[in-house]
Protein chains: 2
Amino acid sequence: MKYHKIPDEAVRRLPFYLRDLLTLAEQGRKSISSRDLAGLLGFGPWQIRKDFCYFGSFGTRGKGYDIEKLITQIRKILKLNSVRKAALVGVGNLGLAVLRYPGFRVYGFEIAAAFDNDPKKIGRKIGNITVEDVSKLRTLKKRGIDFGIISVPCAAAQQTFDALAAAGIKGILSFSPCQKKGPEKVKVITIDIAMDLVRLPYYAPTSRPSTR
Amino acid sequence: MKYHKIPDEAVRRLPFYLRDLLTLAEQGRKSISSRDLAGLLGFGPWQIRKDFCYFGSFGTRGKGYDIEKLITQIRKILKLNSVRKAALVGVGNLGLAVLRYPGFRVYGFEIAAAFDNDPKKIGRKIGNITVEDVSKLRTLKKRGIDFGIISVPCAAAQQTFDALAAAGIKGILSFSPCQKKGPEKVKVITIDIAMDLVRLPYYAPTSRPSTR
DNA sequence: CTATGTGAATTTATTCACAGCA
DNA sequence: TGCTGTGAATAAATTCACATAG
């Protein structure tokens with residue numbers, strides 16, 4: 001294998017590979033060919049072989065890919081080989097949904113703390129997490145929490161972002177479009193549900209106004 | 001302007017343009033140059049001019065783009081020029097967050113109905129929406145609801161998807177990775193929060209295990 | 001003289017096609 | 001023979017550069 005700058009698109013696909021491979025492993029499946037995996041994911045076998053080839057070569061010719069080995073490799077590439085801890089800021093409905101969602105664990109991710117500025121919420125226990133005051137954010141580094149999730153109202157997003165950055169957080173997943181990034185080395189991924197929802201009508205066939 | 005097949009990436013960017021343009025309009029701003037808009041969005045002015053050029057030419061040379069006109073145009077392109085209605089299925093924490101989120105209106109989108117299969121939730125009122133039994137999904141078409149949002153547990157995702165498709169829904173935003181698409185003409189956009197969260201460590205600088 | 005609109009150039013990503021290993 | 005690994009070919013998207021309109 002030669003050196004390649006890894007396409008961002010390939011990195012974006014890795015979690016999806018991991019997701020389906022974990023399901024396969026759970027079902028007791030031991031190995032899979034690029035063709036079959038492609039079938040599950042809905043794109044071509046080339047894509048899969050090409051993507052894996054950017055990172056190394058961990059298949060067996062004539063046989064396919066060993067699922068366990070592949071999972072280990074992708075985890076390593078994504079730096080999920082040891083547990084990653086994230087702090088959630090903003091315990092509203094969305095925050096609660098994230099806190100209660102059990103699905104991060106399987107990827108090696110753990111929501112390890114939750115914060116809010118509402119006294120009525122502080123102290124409340126959700127699962128094994130107790131909601132803390134946002135002023136405690138500075139303790140994150142000490143606690144080995146490197147990632148943050150922002151689910152606060154728009155108006156509070158920028159200051160939350162700044163506080164997380166100041167706390168030494170390395171990456172942030174934000175549900176608010178309202179923090180316009182500062183001059184940071186913090187990786188930010190923003191999910192704005194409206195941006196996706198609003199795109200549906202464009203693709204809808206023969207869309208008619210709902211005014212009938 | 002000549003005919004162009006519109007790049008999917010350009011379509012994906014349009015809602016973001018719309019978002020920032022709406023903010024500018026709200027601030028009373030009347031026009032903006034591709035350079036300034038690019039500054040807000042974090043990419044180059046070429047991108048913006050190129051994207052708009054795929055759809056027509058609605059700027060004024062030497063002057064910039066008229067914000068109101070641009071908003072109208074983008075709305076038209078995205079087929080958001082009349083109100084679009086969506087039904088939410090699955091009133092859990094995530095569903096509630098979506099129902100309570102006031103931010104879709106400004107794009108011309110309205111959550112017009114909510115469904116669940118839990119008798120304890122059916123009949124409950126959230127804002128001006130009353131939660132209905134999922135068996136009522138077949139009434140959607142009649143009510144002019146063309147889009148669906150799936151926020152049900154994984155196990156129920158496939159049947160929810162099928163029910164929405166059977167109800168004549170044109171597009172679906174799903175928060176579940178568990179509906180593997182059938183042979184449909186329904187456009188599906190899936191958001192899997194884990195897929196984004198899990199990507200953060202890859203980009204994090206000098207990521208160390210949190211095991212110290 | 002400013003800022004759009006758009007072909008052309010460049011970069012990036014996808015798809016192909018096949019050599020080579022199990 | 002079957003399926004991977006990977007250069008080469010193709011397609012797509014981004015960036016440039018400049019003619020052109022206001």
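Throughout, a chain's letter reflects where its sequence line sits, starting with A, and its residues are numbered from 1.
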**Item:** Spacing of Lys63(B) atom NZ relative to dG5(C) atom P, expressed in whole Å
**Value:** 13 Å

**Request:** Scan Gly44(A) against the nucleic acid and name what it touches under 4.0 Å (heavy atoms): base, sugar-phosphate only, or nothing.
**Result:** nothing

**Prompt:** Using a cut-off of 4.0 Å on non-hydrogen atoms, how would the nucleic acid contact of Tyr65(B) be classed: base, sugar-phosphate, or nothing?
**Reply:** sugar-phosphate

**Prompt:** Lys50(A) has an atom NZ; how far is it from atom P of dA9(D), in whole Å?
**Reply:** 13 Å

**Asked** Between dG7(C), dA3(C), dC3(D), which nucleotide has the shortest distance from any of its atoms to the side chain of Arg61(B)?
**Response** dA3(C)

**Asked** Do NZ/NE/NH1/NH2 and the carboxylate oxygens of Arg84(B) and Glu110(B) come within less than 4.0 Å?
**Response** no

**Prompt:** Is the shortest side-chain N to carboxylate O distance from Arg19(B) to Asp192(A) below 4.0 Å?
**Reply:** yes

**Message:** Under 4.0 Å from OP1 or OP2 of dA22(C): is there any side-chain N or O of Thr60(A) that close?
**Reply:** no

**Phosphate OP1/OP2 of dT14(C) contacted by Arg13(A) side-chain N/O (<4.0 Å)** = yes

**Message:** Closest-nucleotide mapping onto DNA chain C: is Trp46(A) or Gly62(A) further toward the 5' terminus? I mean the 5' end.
**Reply:** Trp46(A)

**Request:** Measure the shortest side-chain to side-chain distance between Ile77(B) and Leu14(B) over non-hydrogen atoms and say whether it is less than 4.5 angstrom.
**Result:** yes

**Complete:** Leu37(B) atom CG is separated from dA3(C) atom P, nearest whole Å, by 14 Å

